[in-house]
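Contents: one structure, followed by commentary.
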Amino acid sequence: MAKNTKKDQQDTVESIDNALTKSEQFIEQNQKSLTIIVAAILVIVAIYFGYKRFYIQPREKEARTQIFQAEFSFEKDSFKLALYGNENDLGFLDIADKYGMTKTGNLANYYAGVCFRQLGDYDKAIEYLKKFDAGDLLVTPVAYGAIGDCYVEQNKLDKGVDFYVKAAEYSDNNFTSPLFYKKAAGVYEELKDYSKAMELYEKIQKNYPKSNEARDMDKYIARVKTLMANS
């Protein structure tokens, strides 16, 4: 048994030596290619950080300055002015186009979508809201909910309810979740899908009891029970 163990150890050592030799041979044979690959990676990394520092960051700062007046107009419900700007100030559309690679340019897509929704141009609203990509736990569900509003206004109820549910489920919290579950339940009522409406109303009552939407859930549940009984 001892001899076999010793032989196994020798075989293992030889295998390791052979593997190392092959690796050394590979490196020697491909040294030039490996050097080029490593150099290329370093160049790509340098370009990326240089691009962020010397192009994106200055553009971000400029975009934040430009969006101030558009946001002011938006807060005053001057949606056309906020969208299109004037001879002195850029609107959200130009900011989204000119600074699209920045966070502020991305935010301008959201603002533009909401402006179009307020002006009744739901196709444009959906287009810009879908361009918006914040990844924020509160803003993103609000954007999804706004898309749902647009589809409902167009009487595309199936699409509208899908986005309401998407908005509710994006971030589980006591503000956006019950708000959009309630909107979704209302649409399910219009679609006469009372079981799904009931499911969402009961979810609000059970999972979000401290939310504003939960305060009068009893009457919504009672109404749906009546509708179910009469259907």
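- Atom OG1 of residue Thr102 and atom CD1 of residue Ile67 lie 8.0 Å apart, to the nearest 0.5 angstrom.
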Sequence neighbours left out, cut at 3.5 Å: what donor-acceptor pairs do the side chains of residues 173-187 make with other protein atoms?
| residue | atom | partner | partner atom | Å |
| --- | --- | --- | --- | --- |
| Asn173 | OD1 | Phe175 | N | 2.8 |
| Asn173 | OD1 | Thr176 | N | 2.7 |
| Asn173 | OD1 | Thr176 | OG1 | 3.2 |
| Asn173 | ND2 | Ser171 | O | 2.9 |
| Asn173 | ND2 | Ser171 | OG | 3.3 |
| Asn173 | ND2 | Thr176 | OG1 | 2.8 |
| Ser177 | OG | Ala168 | O | 2.9 |
| Ser177 | OG | Ser171 | O | 3.0 |
| Ser177 | OG | Asn173 | N | 3.1 |
| Ser177 | OG | Asn173 | O | 3.4 |
| Lys182 | NZ | Tyr220 | OH | 3.3 |
| Lys183 | NZ | Asp149 | OD1 | 3.0 |
| Lys183 | NZ | Asp149 | OD2 | 3.4 |

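- Note that the CG atom of Asp89 and the CZ atom of Phe72 stand 11.0 Å from one another [nearest 0.5 Å].
- Residues Ile126 and Gln154 meet the side-chain proximity criterion, which asks for heavy atoms closer than 4.5 Å.
- Note: Met217 CE to Ile204 CD1 = 4.5 Å, rounded to the nearest 0.5 Å.
- Heavy-atom minimum distance, Ser195 versus Met228: CA-CE, 4.4 Å.
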Given side-chain contact (heavy atoms from CB on, under 4.5 Å), test Leu107 with Phe132 step by step and report yes or no.
CA-CA 7 Å; Leu107 182 61; Phe132 173 67; 4.3 Å; yes

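- Cluster membership for Tyr170 and Val114, using ILVMFWY side-chain heavy atoms within less than 4.5 angstrom, is shared.
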For Asp162 and Tyr151: C-alpha separation, side-chain torsions, deciding distance, then whether side-chain contact (heavy atoms from CB on, under 4.5 Å) applies.
CA-CA 10 Å; Asp162 285 345; Tyr151 279 128; over 6 Å; no

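- Legend: residues meeting salt bridge (charged side-chain N to carboxylate O under 4.0 Å, His left out) with Glu189, ordered by chain and number and at least two apart, are Arg223.
- Among residue pairs with one or both ends in residues 66-85, those qualifying as side-chain hydrogen bond (donor to acceptor under 3.5 Å, both in side chains) are Glu71-Tyr111; sequence neighbours excluded.
- Between the OG1 atom of Thr65 and the CD atom of Glu62 there is a distance of 7.5 Å, given to the nearest 0.5 Å.
- No side-chain heavy atom of Asp121 sits less than 4.5 Å from a side-chain heavy atom of Tyr128.
- Aromatic rings from Phe79 and Phe74 are positioned such that their centres are separated by under 6.0 Å.
- When the ring pair (Phe, Tyr, Trp, His ring centres under 6.0 Å) test is applied to Tyr188, no partner is found at least two apart in sequence or on another chain.
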Would you be so kind as to tabulate the donor-acceptor pairs closer than 3.5 Å made by side chains of residues 141-148, with sequence neighbours excluded?
none

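- Take Lys131 and apply the salt bridge (charged side-chain N to carboxylate O under 4.0 Å, His left out) test, not counting sequence neighbours, and it matches Glu127.
- The backbone N or O of Asp133 lies less than 3.5 Å from a partner atom in the side chain of Asn106, making a donor-acceptor pair.
- To the nearest 0.5 Å, atoms CD1 (Ile95) and OG1 (Thr104) are separated by 8.5 Å.
- Hydrophobic clustering, with ILVMFWY side chains joined whenever heavy atoms are under 4.5 angstrom apart, groups Leu200 together with Ile221.
- Considering all non-hydrogen atoms of both residues, Asp216 and Asn212 come closest at OD1-O, 4.4 Å.
- The same ILVMFWY cluster, assembled from side-chain heavy atoms under 4.5 Å apart, contains both Leu157 and Tyr201.
- The structure places CZ of Phe163 at 9.5 Å from CG of Leu129, a figure rounded to the nearest 0.5 Å.
- Taking both residues in full, the closest heavy atoms of Ala70 and Ala82 are given as O-CB, 3.6 Å, listed atom of the first, atom of the second, then distance.
- In this structure the side chain of Leu83 reaches within 4.5 angstrom of the side chain of Leu119, judged on heavy atoms.
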